[in-house]
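Notes to accompany the following structure.
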Amino acid sequence: MAANPSDLLARAIDADRQWDRLMRMGAIGMVEQTGVDRACLTADDRTARRLLIGWAEAAGAGVSVDAAGNLWLRREGMQPDAAPVLTGSHMDTQPRGGRFDGIWGVIAGLEVLSALHALDLRTARPIEVVAWTNEEGGRFAPGCMGSMAWSGHTPLERFAGVRDEAGISFGEALAEQLALESDLPRRALGGRPHGYVEAHIEQGPLLEAAAQQVGVVTGIQGSRWFTVTLQGASAHAGTAPLSLRRDAVQDMLRAIAALNQLTHDPDDVLRFTVGRITVSPNTSNSVAERVTFSIDLRHPDASVLRARGDAIAETVRAAVTTTAATVTEVFHAMPIRFDEAVIDAVEQAAAAEGVSHRRMPSGAFHDAQFVAGICPSGMLFVPCRDGISHNVAEYASPGHLAAGTRVLARTLLALAAG
Ligand code: GLV
Ligand code: MN
Ligand code: MN
């Protein structure tokens with residue numbers, strides 16, 4: 001019996017080519033042999049994008065960029081005017097990130113385009129692969145700027161003034177990148193795809209522990225980010241009596257202790273992280289004049305996320321004793337449930353591929369959280385070793401990644417059929 005197109009496509013997924021591309025991407029911004037530091041809108045980011053563009057063009061894809069710097073690779077369908085099926089993820093990394101978070105979703109999408117090209121297989125709908133700008137939020141906070149701007153969740157202009165540690169604004173860095181990529185056709189910001197499926201490493205331990213190959217993602221928990229600034233006064237460490245100080249570091253400790261109480265969850269579902277602290281003037285023998293720290297708060301239940309998040313500003317103000325506290329919310333992504341038809345499509349693709357799979361929610365946020373407001377969306381996960389991510393030790397095996405890409409290929413083919 002002749003193989004059906006889904007089996008043909010799955011067989012044409014080239015595990016070695018995909019791994020080789022991932023390793024070549026991982027060499028751009030490499031840290032400590034296995035890690036990557038490739039912030040968005042940097043020279044390394046542009047080098048990675050050019051490499052991707054070369055591979056995409058060789059696979060017959062059209063390349064374009066939008067006003068948010070999102071990079072688009074398109075394989076035309078038999079119905080060129082039909083709404084495309086979209087896949088992709090991001091190419092930026094955490095400052096000490098891994099070789100798989102984000103980039104695999106882009107390379108997996110490209111692998112599907114490459115396999116379709118090699119087979120000369122044409123889907124009814126176009127298929128597009130997108131690399132979203134600044135998903136990580138490491139250089140410019142918050143993350144997901146590209147998908148938030150594309151989906152209309154937040155106007156692009158709202159991000160222009162966000163500055164990195166060197167004082168460069170997102171607007172300036174984006175303008176520079178768009179100028180350096182002015183040879184690429186520009187496309188409109190926004191759209192209404194037929195559906196979106198994002199492939200990603202799990203970034204947690206569940207699939208590996210259960211010895212399962214694919215996670216069929218049912219939704220994403222909510223996240224809120226805050227920036228807290230405590231303004232005190234600098235003073236001489238040797239002479240200023242403690243009773244007269246307005247020490248921003250001491251108040252930060254009080255604030256974080258109070259926040260730990262506010263966010264305490266005996267069930268260990270709520271996530272509370274202070275991951276970035278900036279102290280000024282940051283010397284050993286001066287009392288800290290100003291501290292800025294980040295808060296990352298996450299929970300799958302919108303009411304819990306709302307209640308605890310809304311109490312943060314008051315908790316900080318009540319805890320500090322000598323400094324003036326300012327609390328600003330910089331990111332707000334409510335929990336979402338993915339579209340049932342897309343969840344089913346991923347599940348059926350995993351079954352057709354014959355890989356073990358389970359339904360699961362995502363603890364990490366992803367661009368899919370914002371795309372889901374525009375079109376039916378879903379995700380699939382593959383295991384990563386020891387659940388480690390946002391770490392140079394992050395690792396996913398070539399075999400798991402190839403199986404995930406075969407499931408992605410089957411899912412995209414099904415969605416692009418009609
Ligand atoms: C994404 O990188 C996240 O922090 O969940
Ligand atoms: Mn990611
Ligand atoms: Mn990440």
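Computed from heavy atoms alone, side chains included, the values below leave out hydrogens, waters and symmetry copies. Owing to the predicted nature of the structure, the values given are computational and were not obtained by experimental measurement. All ligand and atom numbering here is 1-based and tracks the order in the structure. Numbers here are sequence positions counted from 1.
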Exercise for the section: Ignoring angles and geometry beyond distance, decide whether Asp296 reaches within less than 3.5 Å of ligand 1 through its nitrogen or oxygen atoms. Expected result: no
Between side-chain atoms of residues 24-33 and protein atoms elsewhere (two or more places apart, or another chain), which donor-acceptor pairs fall under 3.5 Å?
| from | atom 1 | to | atom 2 | distance (Å) |
| --- | --- | --- | --- | --- |
| Glu32 | OE2 | Arg96 | NH1 | 2.6 |
| Glu32 | OE2 | Arg96 | NH2 | 3.3 |

Fill in the blank from the handout: Under 2.8 Å from the Mn ion (ligand 3), protein N/O/S atoms total 4
Practice task
Considering only NZ, NE, NH1 and NH2 on the basic side and carboxylate oxygens on the acidic side, decide whether Glu165 and Arg139 come within less than 4.0 Å.
Solution key: no
Practice task
Could you tell me whether some N/O pair between Arg298 and ligand 1 is separated by less than 3.5 angstrom?
Solution key: yes
Practice task
State whether the number of non-hydrogen atoms from other residues, nucleotides or ligands found under 6.0 Å of Asp120 atom CG is greater than 12.
Solution key: no
Exercise for the section: Give the ring-plane orientation class for Phe159 versus Phe170, where under 30° counts as parallel, over 60° as perpendicular and anything between as tilted. Expected result: perpendicular
Exercise for the section: Please determine, by modelled atom types, if Arg308 and Thr315 share a side-chain donor-acceptor pair under 3.5 angstrom. Expected result: no
Problem - Side-chain donor/acceptor of Arg224 to backbone N/O of Arg306, under 3.5 Å - result: yes
Practice task
Show the numbers, then the answer: is there a salt bridge (Lys or Arg N to Asp or Glu O under 4.0 Å) between Glu76 and Arg122?
Solution key: CA-CA 8 Å; Glu76 292 299 344; Arg122 216 24 91 182; over 6 Å; no
Exercise for the section: Determine, for Asp296 against Arg298, whether the closest basic-nitrogen to carboxylate-oxygen distance falls under 4.0 angstrom. Expected result: yes
Problem - Under 2.8 Å: N/O/S of His200 next to the Mn ion (ligand 2) - result: yes
Handout entry: No-hydrogen, no-angle side-chain donor-acceptor test under 3.5 Å, His90 and Asp101
Key = yes
Completion exercise
Near Glu135 (heavy-atom distance under 4.0 Å), the atoms of ligand 1 are 1 (C), 2 (O)
Problem - Polar atom proximity, Gly363 to ligand 1 (N or O, under 3.5 Å) - result: no
Handout entry: Lys/Arg-Asp/Glu bridge criterion (N-O < 4.0 Å) met for Glu347, Arg359
Key = yes
Practice task
Could you tell me whether some N/O pair between His390 and ligand 1 is separated by less than 3.5 angstrom?
Solution key: yes
Practice task
Pick one of side chain, backbone, both or neither for how Glu136 approaches ligand 1, counting any non-hydrogen atom pair under 4.0 Å.
Solution key: side chain
Practice task
With heavy atoms of Ala364 as the reference, note each atom of ligand 1 found under 4.0 Å away.
Solution key: 5 (O)
